[in-house]
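Bear in mind the structure is a predicted one, so any value in this text is a computation, not a measurement.
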Amino acid sequence: CRPLVFVGDGAFQETCQAVSGHHYYGTNNVVFVLDNGIYGIEQMLVNPNPFRSETAECEQEKKVNYETRPQQNTIYNYNRLNKWHYEKIVDMVGGRGVVVNNNQELQQALVEIDQYPNDNFVIRVMLNETDIPHAIAYHLAQKGEDEQDDSVAIT
């Protein structure tokens with residue numbers, strides 16, 4: 001049985017030292033770091049508007065273009081992460097690192113994982129900035145903490 005870990009890049013920046021333990025104790029963990037370059041959960045809670053779509057079928061899930069608070073139209077700067085090469089942490093502590101940009105590269109990475117069943121891996125999965133897990137997409141229809149009643153949409 002091989003442990004699989006799926007973690008956002010923001011959380012990984014806070015817990016990456018665990019990869020050292022994986023190698024030290026000889027585990028064969030596979031850590032998928034989902035790299036969209038932001039603290040996505042934080043952004044979703046305070047302002048989900050950047051994740052909304054111009055073409056959403058549900059009116060509540062359509063992106064709003066705020067005139068009086070234009071900062072609500074984009075990802076907040078404080079939610080942007082310093083770019084790391086997560087796959088290279090294994091160069092310091094041991095294991096194998098891979099970057100995945102598309103499904104074909106993911107398939108290749110999975111083959112490599114199977115070829116080295118005793119090694120731990122860090123797989124950096126490159127995502128678009130506004131990609132969010134399906135499990136939290138329901139927040140799109142809700143107002144974020146920063147979306148105030150006096151925020152005026154450009155019509």
Side-chain angles (χ1 to χ4, degrees), residues 1-19 21-22 27 29-90 95-114 120-155:
C1 186
R2 192 166 197 176
L4 301 178
V5 177
F6 296 87
V7 62
D9 47 347
F12 189 76
Q13 285 192 11
E14 297 175 14
T15 61
C16 62
Q17 70 277 9
V19 174
H22 299 173
T27 64
N29 300 342
V30 179
V31 178
F32 292 90
V33 180
L34 307 178
D35 184 356
N36 65 353
I38 64 170
Y39 285 114
I41 300 297
E42 167 69 20
Q43 181 67 46
M44 176 64 78
L45 292 173
V46 296
N47 178 18
N49 194 46
F51 300 104
R52 296 181 181 131
S53 170
E54 305 281 348
T55 59
E57 291 180 26
C58 177
E59 196 61 37
Q60 292 91 344
E61 293 180 9
K62 283 191 177 180
K63 187 168 187 157
V64 177
N65 190 4
Y66 289 107
E67 180 179 22
T68 57
R69 291 193 172 103
Q71 69 274 16
Q72 290 179 254
N73 298 324
T74 62
I75 302 291
Y76 294 161
N77 284 336
Y78 72 81
N79 281 327
R80 296 187 186 285
L81 296 169
N82 184 23
K83 280 294 186 187
W84 286 13
H85 293 276
Y86 302 102
E87 74 285 359
K88 294 189 180 284
I89 192 170
V90 296
R96 298 179 180 276
V98 177
V99 178
V100 170
N101 291 289
N102 55 47
N103 285 337
Q104 181 180 359
E105 291 176 4
L106 176 60
Q107 293 301 318
Q108 292 170 345
L110 295 174
V111 168
E112 186 176 347
I113 290 166
D114 282 344
N120 62 17
F121 278 80
V122 173
I123 310 293
R124 180 182 181 195
V125 181
M126 303 302 296
L127 301 173
N128 291 325
E129 184 177 71
T130 56
D131 283 348
I132 57 168
H134 179 71
I136 65 168
Y138 70 91
H139 283 288
L140 293 175
Q142 300 173 1
K143 283 189 174 188
E145 293 173 12
D146 288 355
E147 291 183 287
Q148 305 296 320
D149 292 334
D150 64 340
S151 295
V152 177
I154 298 173
T155 55

In sequence, state the C-alpha distance, the side-chain angles, and the governing distance for Asp9 and Trp84, and then conclude on side-chain contact (heavy atoms from CB on, under 4.5 Å).
-> CA-CA 9 Å; Asp9 47 347; Trp84 286 13; over 6 Å; no
Going by the salt bridge (Lys or Arg N to Asp or Glu O under 4.0 Å) test, which pairs reach into residues 104-113, not counting sequence neighbours?
-> none
Candidate pair Phe51 and Ile75, rule side-chain contact (heavy atoms from CB on, under 4.5 Å), full reasoning | CA-CA 9 Å; Phe51 300 104; Ile75 302 291; 4.2 Å; yes
So, for [X] and [Y], which heavy atoms are closest and what is the spacing to 0.1 Å?
X	Y	value
Arg124	Glu87	CD-OE1, 3.0 Å
Pro50	Asn47	CD-O, 3.2 Å
Ala109	Ile123	CB-CD1, 4.4 Å
Val31	Val7	CG1-CG1, 3.9 Å

Asn29 side chain to Asn120 side chain, donor-acceptor N/O pair below 3.5 angstrom | no
Between Tyr66 and Glu147, does any side-chain donor sit less than 3.5 Å from a side-chain acceptor?
-> yes
Mind checking the [atom1]-[atom2] spacing from [X] to [Y]? Nearest 0.5 Å is all I need.
X	Y	atom1	atom2	value
Leu110	Phe121	CG	CZ	10.0 Å
Arg2	Ile113	CZ	CD1	6.5 Å
Thr55	Glu61	OG1	CD	11.0 Å
His22	Ile89	NE2	CD1	9.5 Å
Glu14	Tyr39	CD	OH	4.5 Å
Leu127	Asn101	CG	CG	10.0 Å

Exactly one of Asp35, Val19, Leu34 clears side-chain contact (heavy atoms from CB on, under 4.5 Å) with Phe12, and that residue is Val19
Just jot down the salt bridge (Lys or Arg N to Asp or Glu O under 4.0 Å) partners of Glu129, sequence neighbours excluded, or say none.
-> Arg80
Listed partners of Lys62 passing salt bridge (Lys or Arg N to Asp or Glu O under 4.0 Å), at least two apart = Glu59
Pair Tyr86-Gln13, side-chain contact (heavy atoms from CB on, under 4.5 Å): steps then yes or no | CA-CA 9 Å; Tyr86 302 102; Gln13 285 192 11; 2.9 Å; yes
Would one find more than 12 heavy atoms of other residues, nucleotides or ligands at under 6.0 Å from atom CG of Asn102?
-> yes
Partner of Gln43 under side chain to side chain donor-acceptor pair (under 3.5 Å), picked from Asn49, Asn79, Asp146, is Asn79
Determine, step by step, whether Leu140 and Ile132 satisfy the side-chain contact (heavy atoms from CB on, under 4.5 Å) criterion, reporting the C-alpha distance in whole Å, the side-chain angles of both residues, the deciding distance to 0.1 Å, and the verdict.
-> CA-CA 10 Å; Leu140 293 175; Ile132 57 168; 4.3 Å; yes
